[in-house]
Colleague: 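The structure follows.
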Amino acid sequence: MKSQITNAISDFFFEYETPRQVLVRDRRVGVACRLIQLGVLGYIIGWVFIYENGYQSTDTAISSVYTKMKGVGYTKINGTESVWDVSDYVFPPQGDSSFVVMTNFIMTEGQQMGKCPELILFQGQMTGVCVNKTKTCEVVTWCPVEDDSSIPYPPLLMSAENYTLFIKNSVTFPLFGVKRSNLVEGIDTGYISKCIYHPENDPLCPIFKLGDIVKFSGFNFETIAKLGGAIGIVVDWTCNLDLDKKYCKPEYTFHGLYGNADETDVTRTSVGYNFRYAKYYMEGKVQKRTLFKVFGIRIDIIVQSLARKFDIIPTLTAIGSGVGIFGVATVVCDLVLLHLLPKKEFYKNMKFKCTDSHIQVSSTLCINS
Amino acid sequence: MKSQITNAISDFFFEYETPRQVLVRDRRVGVACRLIQLGVLGYIIGWVFIYENGYQSTDTAISSVYTKMKGVGYTKINGTESVWDVSDYVFPPQGDSSFVVMTNFIMTEGQQMGKCPELILFQGQMTGVCVNKTKTCEVVTWCPVEDDSSIPYPPLLMSAENYTLFIKNSVTFPLFGVKRSNLVEGIDTGYISKCIYHPENDPLCPIFKLGDIVKFSGFNFETIAKLGGAIGIVVDWTCNLDLDKKYCKPEYTFHGLYGNADETDVTRTSVGYNFRYAKYYMEGKVQKRTLFKVFGIRIDIIVQSLARKFDIIPTLTAIGSGVGIFGVATVVCDLVLLHLLPKKEFYKNMKFKCTDSHIQVSSTLCINS
Amino acid sequence: MKSQITNAISDFFFEYETPRQVLVRDRRVGVACRLIQLGVLGYIIGWVFIYENGYQSTDTAISSVYTKMKGVGYTKINGTESVWDVSDYVFPPQGDSSFVVMTNFIMTEGQQMGKCPELILFQGQMTGVCVNKTKTCEVVTWCPVEDDSSIPYPPLLMSAENYTLFIKNSVTFPLFGVKRSNLVEGIDTGYISKCIYHPENDPLCPIFKLGDIVKFSGFNFETIAKLGGAIGIVVDWTCNLDLDKKYCKPEYTFHGLYGNADETDVTRTSVGYNFRYAKYYMEGKVQKRTLFKVFGIRIDIIVQSLARKFDIIPTLTAIGSGVGIFGVATVVCDLVLLHLLPKKEFYKNMKFKCTDSHIQVSSTLCINS
């Protein structure tokens with residue numbers, strides 16, 4: 001018994017089986033099949049490996065974004081000069097990846113809780129009293145109520161066009177253990193202190209002029225400044241980590257998200273970007289507030305990342321799958337050989353061997369005798 | 001030499017090799033094998049291609065969300081009427097995808113820096129003096145200290161149930177170059193001005209009643225309004241872009257994230273959602289503040305997206321891999337044929353040919369003579 | 001005609017074709033080929049299935065994060081005692097996954113709109129008047145202008161080291177319908193009330209000391225507290241859902257994102273994390289503000305998730321692809337057998353059969369007669 005197992009194992013290791021094949025010497029079939037096979041090989045090598053990088057595994061990044069606006073706005077409303085700095089016009093103030101830059105506003109000063117006629121519906125809690133002069137009813141609300149029927153034009157903070165935005169973005173590809181910052185090699189303090197992003201001349205400068213951002217995303221500054229709008233700044237990290245990591249650099253693109261005049265089909269329903277916020281204060285013992293209806297440019301920094309690096313698994317999977325497709329090529333050639341060629345019966349006889357007591361005739365290969 | 005290479009090349013192109021095969025005419029083996037092969041074919045076509053869309057490549061979207069609450073709340077505390085509008089009850093105000101709607105609060109008015117006995121531990125910097133009456137020690141802190149031992153019930157802003165939320169969401173599938181907005185075809189200004197989301201009747205209306213959101217996510221409004229809670233609104237974009245892109249529409253679902261009474265196993269430890277914020281003001285030359293402990297409904301808009309489109313690479317990978325599995329079917333059939341059938345020795349002789357000077361006997365196929 | 005089709009179908013079902021093979025009984029070739037085949041088999045089973053879990057499909061989670069800081073800070077500036085609680089030092093207040101803890105600040109009290117000489121360039125709108133004493137020109141701005149030339153050291157809120165952060169994180173794997181919270185089994189109210197996260201002793205405690213977070217991410221607290229910095233807390237959910245879901249637990253890791261002294265190559269350009277915000281108030285009828293330049297620790301909670309579960313599709317794809325690679329092993333062995341061995345001509349004759357009237361000679365297998 002033991003020697004039988006030993007025999008079986010030695011048979012297994014010392015023997016090797018390889019398929020027997022027919023060599024068909026036919027020019028047309030030969031050329032056709034070789035071309036199909038070369039096509040499959042070309043597809044596997046050219047498309048899967050070179051074009052689609054099938055030999056690499058991919059990873060997306062964990063990212064963190066920090067932003068900082070700079071610039072000062074100036075308004076003169078009814079003779080009152082005002083200056084608006086970053087803490088006045090950026091919401092929220094703490095440098096998030098998504099924020100709003102105020103470009104226009106409707107200010108309602110000195111509101112306090114009381115009863116006054118509403119201007120539009122649902123501005124407060126109805127008191128039941130209606131007023132003839134304004135033809136609306138009285139509500140309990142913050143008085144005087146906001147009148148947003150006309151939006152200032154030109155926008156009050158047109159100077160926002162010259163504000164600058166500094167973006168700091170760090171990405172980590174956890175699978176490959178690679179960490180990058182958008183302040184890549186060569187982007188040092190000296191360069192940053194004087195550069196402004198430009199798609200061709202300064203594509204890696206992390207400082208952007210707000211007017212440029214609006215222009216690159218296809219908006220008109222005056223229009224977006226009046227009513228507000230949303231812009232996505234995509235920081236694209238598409239990296240081939242088989243190369244040195246210093247070639248892994250960000251690319252910035254700009255997209256209008258809402259309020260774009262071009263998208264006539266979907267966004268006409270609701271153009272612009274606005275929200276209300278209030279500054280609260282006490283006057284005497286009375287709680288008051290200054291209400292702002294803010295029109296602004298909302299900027300979303302969107303980090304998109306895809307790193308690739310050689311990996312044995314996808315390589316072998318692509319090869320294995322390619323061998324399978326090779327098999328399909330053989331099946332196609334066999335179909336031609338055995339069913340379409342004039343000498344198909346001859347080739348069938350060469351390729352197949354019948355079991356049992358068959359007589360090999362021409363119409364069907366093996367028939368019962 | 002040159003003619004040798006030319007010969008080799010012409011041999012390569014004009015010859016075609018195809019495996020020689022044995023046709024086994026055995027009903028049981030034949031039927032079994034064909035069924036296995038048909039099963040594999042059915043799996044590849046039915047499951048991989050039709051059910052799992054193996055012929056398509058997939059992409060997730062870059063998305064941007066903008067929200068806007070509407071509605072007015074009304075409270076009467078100790079005879080003081082107050083009205084709460086959007087800028088009073090939404091945090092943060094600028095229309096982010098994640099925000100909190102205040103539904104209940106504990107207000108501590110007129111706090112100023114000073115020394116007072118604390119109510120619970122660690123409310124300030126110890127002064128070393130302890131007070132008999134309250135049985136606690138004196139701290140330097142904002143005085144008077146907040147007393148949050150009892151939470152108002154019914155919640156002060158139960159009217160929040162009728163607030164509405166407008167969601168604007170745009171998605172871009174960068175791989176396929178497709179851009180969509182949740183204001184799809186047919187959702188125009190006229191429709192939006194009067195619709196309220198309803199899962200069956202108005203599944204595409206982007207305006208949601210806060211009370212509905214709470215109900216759909218499985219909470220009781222009164223409970224969540226008292227202690228706060230978190231709700232995720234998932235905007236699901238599952239799109240087959242082989243069809244016209246107008247069929248790519250969002251679907252809204254609602255999920256309780258914390259504070260759900262059902263999840264008794266995990267969330268009992270910490271029910272509710274609250275945070276503190278302060279309104280600062282100067283009285284005379286003294287810095288004062290009104291502290292709010294805010295209980296509210298936190299809403300996270302979560303965009304989930306998966307677009308599919310025909311792509312040659314996954315198609316061929318699926319075919320190639322399927323051919324490989326076909327090979328497994330042949331191996332299984334061969335095992336049956338060569339080891340389990342009564343006539344297995346006969347089939348072995350048909351299938352295999354020995355090299356060297358073997359004598360073919362029945363027990364092992366090729367043995368050394 | 002009908003009987004012909006019936007015949008073809010019965011032929012198809014009752015016949016089974018299996019490739020004819022040559023059994024090569026050669027020790028070297030046999031052992032080499034078997035080792036290659038075993039290697040491929042080992043790779044498929046060991047690497048693809050066991051190491052890379054090729055039999056499982058994967059899913060990433062939808063997640064929601066809620067944070068809550070606790071702790072009180074204390075400063076004594078020019079004899080004025082102040083206490084800083086959560087609503088004073090956390091931005092934004094509502095418990096987002098990304099927030100800033102103030103650790104140091106430059107306060108400019110009582111600013112009001114006016115004309116004053118700037119300290120650095122571009123602090124306001126030029127008036128055209130220049131001042132000899134300060135050697136700068138007059139601007140319309142919030143006066144007095146901020147002087148941020150010296151940053152307080154030691155940091156004013158060094159006590160921030162003892163603040164605690166509570167993280168509540170829920171994840172949902174939509175593909176597998178599994179929902180988890182970081183308050184896993186065993187993390188109950190009793191435990192939470194007294195635990196502090198420690199990587200070995202309390203790896204599941206969701207309460208973190210700010211000083212620990214800074215230490216784990218490789219920063220020095222005093223340095224980061226002075227100038228600010230950014231830290232990522234990664235909550236890693238790597239789950240094998242073939243096991244019971246109670247084994248699906250979070251793991252916390254800490255990463256410095258900016259301002260890390262180690263990354264000398266990239267971040268020297270811009271160390272620290274700061275932003276400005278203002279508290280507005282009315283004095284008489286004049287709008288005033290207290291401007292803060294806030295230096296702080298920005299904390300980003302980053303949820304990373306990957307769940308795996310058995311799935312038939314990737315299993316069969318891996319098997320199919322593996323069979324294809326098996327085919328590659330046969331091709332390699334055949335190359336050795338037919339081109340490198342001394343008896344290669346003999347093996348060629350065994351393996352191949354020529355069609356047409358060829359004479360089989362040694363140099364090329366089939367030549368035209």
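Bear in mind that the values here come from a model prediction, so they are computed numbers and not experimental data. Naming convention: chains lettered A, B, ... in sequence-line order (proteins, then strands); numbering from 1 in each chain.
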Colleague: Check C:Tyr43 against A:Ile312 and note the closest heavy-atom contact, atom names and distance.
Modeller: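 Result for this residue pair: OH-O, 4.2 Å.
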
Colleague: With a 4.5 Å limit on heavy-atom distance, are the side chains of A:Lys279 and C:Met282 in contact?
Modeller: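 No, side chains not in contact.
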
Colleague: Can you check side-chain contact (heavy atoms from CB on, under 4.5 Å) on A:Ser87 and C:Arg289, steps first, answer last?
Modeller: CA-CA 10 Å; A:Ser87 45; C:Arg289 72 176 195 185; 3.3 Å; yes

Colleague: Is any side-chain heavy atom of C:Arg298 closer than 4.5 Å to a side-chain heavy atom of A:Tyr66?
Modeller: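 A side-chain contact exists here, since the closest heavy-atom pair is under 4.5 Å.
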
Colleague: Check whether any side-chain heavy atom of A:Lys68 lies under 4.5 Å from a side-chain heavy atom of C:Asn274, and answer yes or no.
Modeller: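 Side chain of A:Lys68 against side chain of C:Asn274, heavy atoms only: contact under 4.5 Å found.
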
Colleague: With a 4.5 Å limit on heavy-atom distance, are the side chains of C:Gln304 and A:Pro174 in contact?
Modeller: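 They are in side-chain contact.
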
Colleague: Heavy-atom distance under 4.5 Å to chain A: side chain of C:Lys288, backbone, both or neither?
Modeller: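 Answer is neither: C:Lys288 stays 4.5 Å or more from chain A.
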
Colleague: What is the distance from atom CD1 of A:Ile62 to atom CG of C:Asp236, rounded to the nearest 0.5 Å?
Modeller: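 Nearest 0.5 Å value for the CD1-CG distance: 8.0 Å.
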
Colleague: Suppose we call two aromatic rings close when their centres sit under 6.0 Å apart. Are C:Tyr280 and A:Tyr281 close by that rule?
Modeller: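 So the answer is no for these two rings.
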
Colleague: Based on non-hydrogen pairs under 4.5 Å, which of A:Asp85, A:Thr80, A:Thr172, A:Val86 is most in contact with chain C?
Modeller: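 Of A:Asp85, A:Thr80, A:Thr172, A:Val86, A:Asp85 has the most heavy-atom pairs under 4.5 Å with chain C.
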
Colleague: Sort out for me which of A:Gly110, A:Ser97, A:Pro92, A:Ser82 touches chain C most, counting heavy-atom pairs under 4.5 Å.
Modeller: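 With the most close heavy-atom pairs to chain C, the winner is A:Ser82.
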
Colleague: Can you tell which part of C:Val100 gets under 4.5 Å to a heavy atom of chain A, answering side chain, backbone, both or neither?
Modeller: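 For C:Val100, side-chain heavy atoms alone lie under 4.5 Å from chain A.
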
Colleague: Relative to chain A, which of C:Phe91, C:Trp142, C:Tyr277, C:Phe292 shows the most heavy atom pairs under 4.5 Å?
Modeller: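 Looking at each of C:Phe91, C:Trp142, C:Tyr277, C:Phe292 in turn, C:Trp142 comes out on top.
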
Colleague: Taking every non-hydrogen pair under 4.5 Å, which of A:Asn182, A:Asp88, A:Thr290, A:Asp96 racks up the most with chain C?
Modeller: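 Option with the top pair count is A:Asp88.
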
Colleague: Measure the shortest side-chain to side-chain distance between C:Lys285 and A:Glu283 over non-hydrogen atoms and say whether it is less than 4.5 angstrom.
Modeller: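 Sidechains of A:Glu283 and C:Lys285: in contact.
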
Colleague: Picking from A:Ser193, A:Gly73, A:Ser63, A:Gly95, which has the most non-hydrogen pairs under 4.5 angstrom with chain C?
Modeller: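 Option with the greatest count: A:Gly95.
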
Colleague: Just give me the residue among C:Gln287, C:Arg276, C:Gln37, C:His255 that pairs up with chain A most often, heavy atom to heavy atom, under 4.5 Å.
Modeller: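 Ranked by contacts with chain A, first place is C:Arg276.
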
Colleague: Do C:Gln21 and A:Thr18 come close enough that some side-chain heavy atom pair is under 4.5 Å?
Modeller: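 Sidechains of A:Thr18 and C:Gln21: no contact.
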
Colleague: Please round to the nearest 0.5 Å and tell me the distance separating atom OG of A:Ser170 and atom CG of C:Asp300.
Modeller: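 A:Ser170 atom OG to C:Asp300 atom CG measures 8.5 Å (nearest 0.5 Å).
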
